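To start, the structure under review is shown below, and the notes come after it.
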Amino acid sequence: MTEELLIAAENEITEKGFLDVDIDPTLDLFSEIEKLKNEKNAIILAHLYQEPDIQDIADYVGDSLGLAQKAEKTEADMIVFAGVHFMAETAKILNPSKKVVIPDLKAGCSLSESCPPPLFKKFREMHPDHVVISYINCSAGIKALTDVICTSSNAKVIVESFPKDQKIIFAPDKNLGAWINKETGRDMLLWNGACMVHEIFSLEKITRLKVRHPNAKLIAHPECEEPILRIADFIGSTTQLLLYSQKNEAKEFIVATEAGIIHQMMKQAPSKTFIPAPPDNSCACNDCPHMKRNTLEKVYLCMKYEQPEILMEESLRVQAKKSLDRMLEISAKAGL
Ligand code: 13P
Ligand code: SF4
């Protein structure tokens, strides 16, 4: 690219989040993406909330922990991260020699945004005798202010790796934090953040649905609010929900998490029925607007032009890596 074109491309990415280049409508994007994977020695990592086509073209589909573990270990030259910004950023922190690209740089996360580093730094300073455990759904700035990161798959194990009397700050998800407090008998100090997708489920509508489907199991992500978790038959991370729905003998499941996961649930157990838990609004979908910014077209474009790329200041990366490394160590010891 000439310097002028490069500046124009950078401006477009800043404004739109992706390079808005016309794509020949006759192109078979699946085979073009496969070709690019081989040409560029690229790996596509996709979160379970991505749209079905992206899940189908990915080399690995999983939850935040699985994705971080894959990103750390991959020998590919380019990591195409089909997820949200904090996930791609985590991949770069863990494996900095790789080029990490994301289909849409503006794929953010309401939970991550609920915890700005300058404010959190002050909060931490107000509680110097507390260790900080942060949910992976946070920025590199928060990871750098954290002692250990956790995901919903390993939060209990991470918290229990500290003595019972250790004072702990848990950020940024108050719902996950409250659930872990209940599970472990701790009294962690919770940051007041939440996920916009998991807070919209309607207790009343779910209860009515359970009456209509008495044999259905309600499965919920721990980012849901306490009244939903209280009536859930199973609570777990996205991968844990997927495994439960495969292994449990029930034939119907009410799924209280982002609806993208249902594609994988149906693929792995086609004879079962998966009902998205109804939200408390007039819309019938539980889509995360951030996750759903990624499309197959944008996956193709980011692979072809190798942009938008995740870049980060080295001192921030090194500081943020400490809390992620600690999480990966504790998880490996626990066999996760
Ligand atoms: P897990 O995939 O780790 O369960 O996290 C869910 C989530 O909200 C990701 O944004
Ligand atoms: Fe963030 Fe919630 Fe979307 Fe996950 S589902 S990326 S926590 S806003």
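Just follow the structure's listing: the first ligand is 1, and inside any ligand the first atom is 1. These numbers come from the heavy atoms of this one structure, side chains and all, not from hydrogens, waters or symmetry mates. Keep in mind that what you see is a predicted model, and the values were worked out from it rather than measured. Residues: numbered from 1 along the sequence shown.
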Item to check | Atom indices of ligand 2, in the order listed, that fall short of 4.0 Å to a heavy atom of Cys195 | outcome: 2 (Fe), 5 (S), 7 (S), 8 (S)
Checklist entry - Relative to the heavy atoms of Tyr49, which atoms of ligand 2 are at a distance of less than 4.0 Å? => result 5 (S)
Next on the checklist: Looking at atom 1 (Fe) of ligand 2, is there an N, O or S atom belonging to Cys109 that lies under 2.8 Å away from it?
Outcome noted: yes
Item to check | Under 4.0 Å to a heavy atom of His221 - the qualifying atoms of ligand 1, by number | outcome: 1 (P), 4 (O), 5 (O), 6 (C)
Item to check | Residue pair Ala76 / Ile43: nearest heavy atoms and the distance that separates them | outcome: CB-CG2, 3.7 Å
Checklist entry - Would you call Lys40 and Glu306 a salt bridge, taking side-chain N to carboxylate O under 4.0 Å as the test? => result yes
Next on the checklist: Under a 4.0 angstrom heavy-atom cut-off, which atoms of ligand 2 come close to Asn137?
Outcome noted: 7 (S)
Checklist entry - Is the charged tip of Lys298 near the ring of Phe18: under 6.0 Å from the six-membered ring centre and within 45° of its axis? => result yes
Item to check | Min heavy-atom dist Glu223 to ligand 2 below 4.0 Å | outcome: yes
Next on the checklist: To the closest 0.5 Å, what do you measure between CG (Asp59) and CD (Glu34)?
Outcome noted: 7.0 Å
Checklist entry - Should the proximity of Ser110 to ligand 2, defined as any heavy atom under 4.0 Å, be assigned to the side chain, the backbone, both, or neither? => result both
Item to check | Element-labelled atoms of ligand 2 that are located less than 4.0 Å from some non-hydrogen atom of Cys288 | outcome: 3 (Fe), 5 (S), 6 (S), 8 (S)
Item to check | Backbone N/O of Leu145 and side chain of Gln319: donor-acceptor pair under 3.5 Å | outcome: no
Checklist entry - So among Asn294, Asn286, Thr257, which one has a side-chain hydrogen bond (donor to acceptor under 3.5 Å, both in side chains) with Tyr49? => result Thr257
Next on the checklist: Taking the ring of Trp191 and the ring of Phe120, is the distance between their centroids below 6.0 Å?
Outcome noted: yes
Item to check | Mode of Met291 contact toward ligand 1 - side chain, backbone, both, neither (heavy atoms, under 4.0 Å) | outcome: side chain
Item to check | N/O/S atom of His290 inside 2.8 Å of atom 2 (Fe) of ligand 2, strictly under | outcome: no
Next on the checklist: With a heavy-atom distance limit of 4.0 Å, tell me whether Ile136 approaches ligand 1 through its side chain, its backbone, both, or neither.
Outcome noted: neither
